[in-house]
Amino acid sequence: MSLERILAAVGALRRRLRSRARTLVVIALFFTSAWLAGALAGWLAAAGALMMAMVAAGRGTTDADDEPARSVSAEHGRSPSSKGQQREADSWRLLLDAVPDAVVALDHNFNIMHFNARLEELFPKARIGQPLSQLSRHPELNAAVDAAVTASQRIVVDLYERVPVERRISASISRIGGREIRRGVPFLIVSFRDLTEQDKLAQMRADFIANASHELRTPLASLRGFVETLQGPARDDPEARDRFLAIMSSQANRMTRLIDDLLSLSRAEMRVHLPPRGIVDLNDVASYVAQALDPVAAASKARIVVTKSEEPVRIRGDRDEIVQVIQNLVHNAIKYGREGGNVEIAVSRVLDGSPPQPRALVAVADDGPGIAPEHLPRLTERFYRAGQGGREKSGTGLGLAIVKHIVLRHRGEFRITSTLGKGSTFSVLFDELSPAGA
Ligand code: ADP
């Protein structure tokens, strides 16, 4: 044993005894008192005290007392010298866990040292110790990781996947600290962000603008055509002029409807996160809408029937918006229902959900040709038209999208049921306002 080691061992024993000093004093006092009181023979008290002291000094050799052994490896730059330091050195793991993106830490061999829960969601097969290439076989990612070793800035690369689902993931790779290898400390941090949803939203927005322009362009082109005809060949034809002017007026009305619906939709979308403040009685709204649309129903020889609840059915809501919801549904029931058919607006209070809650229900039912089941899930998409059974060509395809957004703002539910040949029922459900909440 070298002198250095003997000195180190003596030092360790001294430190250990110093840290156990209070326990040793208590042991010494106990055995001395026992000897003085005559309970123990002198030699027995001395032997007992010695044994207890040895047990006390030897206890816990795995924690703070191990300092010299650990600091040996620390001298080699291998591992921290105490539990506290170890915890401190590992705190980067907690940091990664707190990052909202999917993050993985790699050692200098590009093996996984740690990853957070978000990464597991994105790559469920991630395992500690496996190489990054197991996580994703993208050659672009592996090339970017190689490049990050010598790069002075972080490297960002887009990864496109086709199976099992199409998605775009942006990966950003940063080297931590210098290029030297430090055990227990990550060498590279790779963060992933799934941009698929963001791309989908951007695509939807682009489609919406394209659809809106297309819908406006069609009546506008027709208007321009008639203007040119009236200026040219039909200049002196009074009969053609009257016919064309009637069409032009209907096209201009269509454009107005489109713009009104687009504005309503954008208003409904903008307010979707603002809880409504007013109080609305659904019985009252049902009567109001029936009265307002009576002339429209009469023009289609349809009949609007209102079945009200006996007591007021109140919800927290924006009256104008609730009127628009019921109006759109009743207008559709007239447009797409049977000529000379019945449109029923029924207001009731129901117990719905689990556990059952008192809810307010407005159901608008028609006895028209109904809607084929394949169309039902898409009816609330903007510009979507089922295209069958419609006598009416004046729709914009936005009415039900507006209904959906307004109902969403009111934290309600929108349900559609339909049977071909029998008719459709469009229902909206809201939480009913208890008398105390009024
Ligand atoms: P539109 O302006 O075309 O009426 P909506 O969003 O209000 O747009 O409705 C979307 C489509 O849903 C309509 O084009 C129509 O095909 C179908 N639809 C809506 N209500 C009814 C109904 N009561 N009966 C049958 N089909 C309906």
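Start at 1 and go down the list; that is how both ligands and their atoms are numbered.
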request  = Return yes if some donor-acceptor pair links the side-chain N/O of Arg118 with the main-chain N/O of Asp101 below 3.5 Å, else return no.
outcome  = no

query = What do we get for Ser424 next to ligand 1 when only non-hydrogen atoms under 4.0 Å count, side chain, backbone, both or neither?
reply = side chain

query = Any nitrogen or oxygen of Ala386, main chain or side chain, under 3.5 Å from a nitrogen or oxygen of ligand 1?
reply = yes

query = If you measure from each non-hydrogen atom of Phe426 to ligand 1, which part falls under 4.0 Å: side chain, backbone, both or neither?
reply = side chain

message = Pairs of nitrogen or oxygen atoms closer than 3.5 Å, one from Ile371 and one from ligand 1: do any exist?
response = no

task = Can you see which heavy atom on Gln251 is nearest to which on Pro219, and at what distance?
result = OE1-CB, 3.5 Å

note = Contact region, Leu398 to ligand 1, non-hydrogen atoms below 4.0 Å, reads backbone

Under the salt bridge (charged side-chain N to carboxylate O under 4.0 Å, His left out) test, residues paired with Arg303 that sit two or more places apart = none

note = Contact region, Leu400 to ligand 1, non-hydrogen atoms below 4.0 Å, reads both

request  = For Tyr384, counting its heavy atoms only, list the atoms of ligand 1 lying under 4.0 Å from any of them.
outcome  = 10 (C), 11 (C)

task = Using a 4.0 Å heavy-atom cut-off, say whether Lys335 meets ligand 1 through its side chain, its backbone, both or neither.
result = side chain

ask   = Would Gly337 count as a contact of ligand 1 if the rule is a heavy atom under 4.0 Å away?
value = no

request  = Could you see which bit of Thr396 sits under 4.0 Å from ligand 1, with heavy atoms only: side chain, backbone, both or neither?
outcome  = both

key: Option set Arg378, Arg257, Arg338, Arg385, criterion heavy-atom distance to atom 14 (O) of ligand 1, minimum   = Arg385

key: Check: Asp158 side chain, Arg168 main-chain N or O, donor-acceptor pair, under 3.5 Å   = no

task = Would you mind listing which atoms of ligand 1 come within a distance below 4.0 Å of any non-hydrogen atom of Gly395?
result = 1 (P), 2 (O), 3 (O)

query = How about Tyr384 and His375: does a side-chain donor come under 3.5 Å of a side-chain acceptor?
reply = yes

query = More than 12 foreign heavy atoms under 6.0 Å from CZ of Arg319: is that the case here?
reply = yes

query = Under 6.0 Å from the CD atom of Glu374, do we count more than 12 heavy atoms belonging to anything else shown?
reply = yes

Aromatic ring pairing Trp92/His114, orientation class (parallel under 30°, perpendicular over 60°, tilted between) = perpendicular

